[in-house]
Student: 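Input: one structure, supplied below.
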Amino acid sequence: MIRTMLRMRARQGCEPAVRSAWGTIAGRIGGLPGNLRHELLLDALDPRGFVVVTEWADEAALGAYRDGPVAARLAELVRPLTEPAGPADYPVLREDGTGDSTVYVDVELTVPAPRLAEFHRGYPEVRARMAGIPGYRREQLLREPGSDVHHIFAEWNSAAEFLRWIADPAHASAQAGPIAPFLLDIRRRLFHVVPDGGGRRQPTTGREADVHRETDVLVVGAGPAGLTAAVELARRGIDCRVIDKLATPAGQADKAIGVHCRTMEIWEEQGVVREAMDAGIWLTGNMVFVNGVETHRMSWELPGLPYAHLGLPQYETERILTARLATLGVRPQRGAELVDFTQDDDGVTATVTTADGGTETVRARYLVGCDGAHSRVRELLGLTFTGGLGRFPQLFMLGDVDVDWDMPDGHLLRFLHETDGRMDGMLVCVPLRGERRYRIATLAPPRFFAQTGGQDAPPGFSAELGAPTLADVQAALDHLAPPGTRASNLRWSSVFRISHGIVDRYRDGRVFVVGDAAHLHPPAGGQGMNTGIQDAWNLAWKLGLAVRGLAAPGLLDSYETERRPEGEEIVGRAVRMAFTDELDREDLKRQFLQEMSMLLSYANSPLVGETLSDPDALRDAPRPGDRAPDVDGLLRRGVGHPLRLRDLTRGTRHTLLVYADESADDAALGAIAELCADVRRQTAEEVDAYLLLSPDAAEPRLLAPPALRDADGRFRAVYGVTGTGLYLIRPDGHVGFRSQPVDPDALRKHLRLVFGGAR
């Protein structure tokens with residue numbers, strides 16, 4: 001008897017489709033000559049994991065199946081539903097065969113549903129105990145659908161080592177103890193590897209088979225930018241792998257704290273905004289003092305903001321995004337460091353060292369470098385900083401302390417000291433969660449600078465120079481803060497030097513740099529983290545289309561076209577603001593909105609456009625490339641409450657919003673319906689379409705697109721449309737295209753800039 005076992009992992013959300021595909025083909029397999037068994041088993045620990053098991057009377061029957069139309073049809077059905085296959089996990093097996101090498105053991109057992117939780121509590125401990133048994137390699141826990149029957153399918157170096165372990169009566173308590181009650185009534189089968197036609201054995205699944213991995217996108221770095229990219233890829237069903245050289249994530253607030261309003265909008269889309277609000281505090285305003293005199297105070301609680309400015313340490317941001325990524329079936333591989341990579345026309349081959357000292361080869365279609373200020377990806381690409389990497393001559397120190405003073409809660413505080421118009425002292429205090437708790441940043445005491453000899457400090461220099469003390473923090477407060485201010489409870493401190501610059505390019509073939517790997521700037525306002533999140537947000541939806549073969553040739557080039565100018569502007573602004581009390585006092589509100597990325601626009605991108613019959617039409621409305629503002633008050637039949645525009649645009653696809661007022665007749669509305677259907681065909685259904693009706697327009701009897709009423713005219717007021725018009729909103733929430741009146745040909749032409757690969 002010959003057995004084959006084919007492992008598959010469904011793309012996110014495709015699990016039911018995989019089962020359906022199997023149901024379509026299973027009967028045909030069972031009708032083939034020599035078939036003894038055909039079954040789809042479920043991975044008991046991975047809801048997206050499946051194993052197709054077939055058993056055959058002999059190798060001739062198996063060969064006829066593999067070379068025939070039934071196997072080809074099965075592959076055709078499951079290929080678009082599953083992640084790219086790596087090297088064969090299981091070779092062809094023969095039951096009760098002979099051989100002195102690898103043996104596979106199938107232990108069939110019953111786990112009654114009421115005791116399933118008990119079994120799952122004990123099973124991980126059993127696997128951990130087995131890791132130390134001589135000859136044992138690994139195992140997989142499988143389950144028969146709709147049944148209590150489970151299979152422990154284990155791999156051993158040889159039958160002799162397996163039988164030696166079984167013969168030891170102590171094994172039941174020493175290793176299998178936690179699930180021993182379930183092993184009283186089992187069926188055990190042994191399989192050996194079937195040699196191929198040349199007498200060689202096929203690959204096995206031990207350590208050597210784990211050396212080569214395949215994925216759609218390899219993300220290097222598990223910081224906020226890397227996690228954002230991975231979440232967006234996984235939300236689109238794109239297989240991705242995340243590696244990070246740190247064995248454990250950071251656990252202290254030594255990086256960014258401020259979460260911008262626009263980032264909060266992104267987190268709403270990703271489903272983590274509630275967790276962020278629960279873990280953070282609102283930053284409600286700022287105050288600036290120069291030589292002890294308050295120069296200005298501003299509230300950040302402005303009307304019309306979707307969310308306020310949140311204070312959240314970066315390690316909490318990483319925790320929340322990591323947890324969200326886990327719900328999508330992806331977990332960062334920690335202690336894994338990128339060593340090198342090469343790329344060709346079809347993908348990237350990366351060499352990665354792992355936490356156990358091993359080496360892996362990862363084959364990916366694309367690589368995204370989110371590995372921070374000391375980026376290995378940037379180094380391997382040979383990217384250079386335009387104009388050179390700048391460094392501020394000063395050394396700075398950070399500290400996490402409690403501060404006793406009379407200052408308004410939630411305010412970011414900046415204290416500057418000037419002599420003859422030149423800044424010679426600076427103290428920034430950012431509120432943290434906890435009573436009177438702050439993260440302070442100020443110039444480091446002179447002794448630290450003296451220890452460097454005035455030269456650039458080497459990597460890790462904060463540890464080499466020692467940590468600032470509470471007395472150092474207090475000295476800064478005595479010099480710059482209000483009299484009587486006292487610091488206490490120093491939790492941690494460090495010394496750092498500010499670097500700034502932007503790389504000459506964001507893309508090299510199939511490799512991209514994101515976040516601090518692409519741009520470095522002063523930490524004021526948390527610009528680095530938020531800009532990196534915006535980079536990933538822009539890139540991921542485009543990569544998703546490229547992986548699926550739907551992207552136009554120039555779509556990936558637009559990442560650099562759109563994000564690098566923004567990076568240049570932010571780096572320049574952050575450097576200019578680093579040692580001033582304020583950049584622009586004439587319009588503080590606009591400056592704040594700019595800092596929060598609420599005014600971010602890709603208006604100069606070749607990927608956005610418009611067609612207007614009247615040049616003055618939509619003059620005050622969102623332009624192509626602008627962030628699409630949210631509006632509320634939309635009514636949809638069958639829904640008992642008003643909807644927001646975000647309820648329509650939320651998701652991973654483009655959204656087409658077609659507006660019509662009372663002047664649109666039945667013919668115009670019919671043409672709109674035809675356009676929306678044609679757009680969905682043109683883009684492989686990657687565009688969701690809606691008809692928005694003015695308050696006094698008649699509701700058409702259309703099955704599609706869905707119609708909503710702009711009951712209070714809020715959409716018309718914000719987006720400026722009259723008669724008929726349309727807006728195409730990109731997955732990143734920016735306007736891709738607009739027209740007034742509706743121009744079907746111009747819209748189709750624009751869509752070819754994005755969906756050139758769609759059919």
Side-chain angles (χ1 to χ4, degrees), residues 1-7 22 26 29-30 34-46 49-59 61-62 89-99 101-127 129-130 133 135-194 204-205:
M1 189 278 294
I2 304 295
R3 170 185 279 200
T4 69
M5 298 180 68
L6 172 65
R7 292 191 63 182
W22 171 253
I29 296 177
N35 180 256
L36 305 177
R37 181 187 181 192
H38 56 282
E39 191 168 19
L40 181 69
L41 300 183
L42 311 179
D43 189 319
L45 304 180
D46 180 0
F50 300 88
V51 176
V52 174
V53 177
T54 63
E55 295 182 356
W56 306 86
D58 51 36
E59 293 178 62
L62 170 61
D89 277 316
Y90 296 122
V92 177
L93 305 173
R94 185 190 302 276
E95 187 175 19
D96 296 328
T98 59
S101 60
T102 307
V103 65
Y104 293 84
V105 185
D106 186 347
V107 176
E108 180 182 310
L109 65 155
T110 299
V111 182
R115 301 185 65 187
L116 190 61
E118 174 189 350
F119 179 83
H120 279 281
R121 283 195 300 271
Y123 180 71
E125 183 177 344
V126 172
R127 289 188 64 171
R129 293 181 181 185
M130 290 297 299
I133 302 302
Y136 171 84
R137 287 185 173 179
R138 71 167 192 169
E139 66 187 50
Q140 185 177 13
L141 181 64
L142 304 172
R143 177 172 62 85
E144 297 182 10
S147 168
D148 294 338
V149 176
H150 286 62
H151 294 261
I152 298 175
F153 195 75
E155 178 186 355
W156 289 73
N157 285 337
S158 67
E161 289 172 299
F162 167 71
L163 295 173
R164 188 180 304 117
W165 175 70
I166 286 291
D168 182 358
H171 85 271
S173 58
Q175 285 85 39
I179 61 170
F182 300 94
L183 302 176
L184 298 177
D185 184 15
I186 63 172
R187 179 189 179 199
R188 189 177 73 211
R189 302 170 68 186
L190 264 66
F191 297 86
H192 291 269
V193 179
V194 176
T204 64
T205 59

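None of these values were measured; they are calculated from a predicted model.
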Student: Check each of Arg187, Glu139, Glu144 against His151 using the side-chain hydrogen bond (donor to acceptor under 3.5 Å, both in side chains) test, and report the only one that passes.
Tutor: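 Of the listed options, the one satisfying the test is Glu144.
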
Student: Determine the minimum heavy-atom distance between Leu93 and Met5, stating which atoms define it.
Tutor: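 Scanning both residues, the minimum pair turns out to be CD1-SD, 4.5 Å.
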
Student: Begin from the C-alpha positions of Gln140 and Arg7 and carry the test side-chain contact (heavy atoms from CB on, under 4.5 Å) through to its verdict.
Tutor: CA-CA 11 Å; Gln140 185 177 13; Arg7 292 191 63 182; 3.5 Å; yes

Student: As an exercise, state the distance from NE2 of His192 to CD of Glu95, rounded to the nearest 0.5 Å.
Tutor: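 The NE2 atom of His192 sits 10.0 Å away from the CD atom of Glu95.
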
Student: Using the six-membered ring wherever Trp is involved, compare the ring planes of Tyr104 and Tyr90 and label them parallel, tilted or perpendicular (cut-offs 30° and 60°).
Tutor: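 The arrangement is perpendicular - the two ring planes meet at more than 60°.
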
Student: Can you see which heavy atom on Val126 is nearest to which on Pro178, and at what distance?
Tutor: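 Where Val126 meets Pro178 most closely, the heavy atoms are CG2-CD, 3.8 Å.
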
Student: So which atom in Pro91 and which in Val193 form the shortest heavy-atom distance, rounded to 0.1 Å?
Tutor: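 Pro91 and Val193 have their closest heavy atoms at CG-CG2, 3.8 Å.
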
Student: Could you check whether any side-chain N or O of His150 sits under 3.5 Å from a backbone N or O of Asp148, counting only pairs where one atom can act as donor and the other as acceptor?
Tutor: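 Checking the backbone N and O of Asp148 against the side chain of His150, a donor-acceptor pair under 3.5 Å is found.
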
Student: Can you tell me how far the CD1 atom of Ile2 sits from the CZ atom of Phe191, to the nearest 0.5 Å?
Tutor: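 Ile2 CD1 to Phe191 CZ: 10.0 Å, rounded to 0.5 Å.
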
Student: So how far is it from Arg143 CZ to Leu116 CG, rounded to the nearest 0.5 Å?
Tutor: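 Taking CZ in Arg143 and CG in Leu116, the distance rounds to 8.0 Å.
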
Student: Could you pull out the closest heavy-atom pair between His120 and Ala44, with the gap in Å?
Tutor: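 Closest pair (atom of His120, atom of Ala44, distance): CE1-O, 3.8 Å.
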
Student: Of the non-hydrogen atoms in Met130 and Tyr136, which two are nearest, and what is the gap between them?
Tutor: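 Reported closest heavy-atom pair: O-CD2, 3.2 Å.
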
Student: Thinking salt bridges, do Arg189 and Glu108 make one under a 4.0 Å N-O criterion?
Tutor: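 Result for this pair is no, no salt bridge flagged.
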
Student: Look up atom CG in Leu6 and atom CG in Leu41, then write down how far apart they are to the nearest 0.5 Å.
Tutor: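 With rounding to 0.5 Å, CG (Leu6) is 11.5 Å from CG (Leu41).
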
Student: Aromatic rings Phe162 and Trp165: how do their planes relate, parallel, tilted or perpendicular, breaks at 30° and 60°?
Tutor: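 Plane angle between 30° and 60°, so tilted.
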
Student: Verify side-chain contact (heavy atoms from CB on, under 4.5 Å) between Leu109 and Phe119, making sure each step is shown before the conclusion.
Tutor: CA-CA 11 Å; Leu109 65 155; Phe119 179 83; 3.9 Å; yes

Student: Does some side-chain heavy atom of Val103 sit less than 4.5 Å from a side-chain heavy atom of Leu163?
Tutor: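 No; the side chains remain at least 4.5 Å from each other.
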
Student: side-chain contact (heavy atoms from CB on, under 4.5 Å) between Val92 and Glu59: does it pass, once the steps are laid out?
Tutor: CA-CA 9 Å; Val92 177; Glu59 293 178 62; 6.0 Å; no

Student: Taking all non-hydrogen atoms of both residues, which atom of Leu45 and which atom of Asp43 are closest, and how far apart?
Tutor: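 Minimum heavy-atom contact is N-OD1, 2.9 Å.
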
Student: Do Leu141 and Arg127 pass the side-chain contact (heavy atoms from CB on, under 4.5 Å) test, and can you show the C-alpha distance, the side-chain angles, and the key distance before you say yes or no?
Tutor: CA-CA 10 Å; Leu141 181 64; Arg127 289 188 64 171; 5.7 Å; no

Student: I'd like to check Trp56 versus Asn35 (side-chain heavy atoms, cut-off strictly below 4.5 Å). Are they in contact?
Tutor: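 Answer yes - side chains close enough.
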
